[in-house]
Amino acid sequence: MRTPKDMLDGLTDRFVRWLDRVAEDGLIRMLWWRVKSWFGHRMVARKLVSGERIIVEVCHSAILYVVPILVGVLGVVLAIVWVPFVSTSVAWFGIVVCLGLVGYGFGRSLYIARDRFVVTDSRVFRVWGLFSLHEAEMEIVRLLDITVNRPWYLRLFGSGHLVLENAAQQQGLRDISYVPHPHGLARVIHKRRREMAGAGPKPPEKKKPNPRRPDHPATNRPVTARRR
């Protein structure tokens, strides 16, 4: 069992390490990394194993942010043009409504940004969730069929859906919705699957040097005058 002294020493050690990071990277950069981690970057980094290489990392299409942003802007507008002019007895209601709209817009945008689909050199996986976190992964060699669905209203924005099928009846990684350029993503997965199956392009063979005749002088000998 840890004693209060051990807990204090641990907190002191963590604070000293934090000061070292601030001195090396700077406070602004550290704050930016922290904010960036809220939007799913850390979720993807924790999922990777040593030596694994990311081929492509896909976020949702920007079209999904339209409604949350409009809701958040509506809350700000109401806070400016409506709340200052209501009576004091019901001002709390206006404040709650505005905070609710802004909070919904920010929370929904954060939830969309944290939904990431990643293709690595050995598997595909998806991480998502804001308070409750979810993960799903599948080896690339297990992918049997890839269906690309591009409705007309999403083609205007270069977006669509992917459906990943394998031999299992139930799987956690199947529907990948509202991703930009789904046809290009399907080609990337198919290309990597062919490479892992040994059907990809082979590296060019090295040219073999021409065999030297036994009576031919060695190339490392110094050049001399021609014999008569």
Visitor: For the pair His60 (side chain) and Tyr178 (backbone), establish whether a donor and an acceptor sit closer than 3.5 Å, ignoring hydrogens and angles.
Guide: yes
Visitor: Roughly how far apart are Lys191 NZ and Met196 CE, rounded to 0.5 Å?
Guide: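 With rounding to 0.5 Å, NZ (Lys191) is 14.5 Å from CE (Met196).
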Visitor: Would you compute the distance between atom CD1 of Ile189 and atom CZ of Arg194 and round it to the nearest 0.5 angstrom?
Guide: 15.0 Å
Visitor: State plainly whether the residues Arg126 and Glu137 are in salt-bridge range, i.e. N to O under 4.0 Å.
Guide: no
Visitor: Can you name the residues that form a side-chain hydrogen bond (donor to acceptor under 3.5 Å, both in side chains) with Glu52, not counting sequence neighbours?
Guide: Thr120, Arg123
Visitor: Closer than 3.5 angstrom, by distance alone: can the side chain of Arg193 be matched with the main-chain N or O of Leu143 as a donor-acceptor pair?
Guide: yes
Visitor: Indicate yes or no for a side-chain donor-acceptor contact from Arg53 to the backbone of Asp121 under 3.5 Å, with no hydrogens or angles considered.
Guide: no
Visitor: What residue among Lys47, Arg116, Arg46 forms salt bridge (charged side-chain N to carboxylate O under 4.0 Å, His left out) with Glu135?
Guide: Lys47
Visitor: Does a salt bridge link Arg142 with Glu139, judged by any charged N lying under 4.0 Å from a carboxylate O?
Guide: no
Visitor: When rounded to the nearest 0.5 angstrom, what distance separates CZ in Phe117 from OG in Ser177?
Guide: 11.5 Å
Visitor: Let me confirm one number: the NE2-CG distance from His134 to Asp115, rounded to the nearest 0.5 Å.
Guide: 10.0 Å
Visitor: Please list, chain by chain and in numerical order, all residues satisfying side-chain contact (heavy atoms from CB on, under 4.5 Å) with Val163, sequence neighbours excluded.
Guide: Thr147, Glu165, Arg174, Asp175
Visitor: Inspect the surroundings of OH in Tyr65 and state if more than 12 heavy atoms from other residues, nucleotides or ligands are less than 6.0 Å away.
Guide: yes
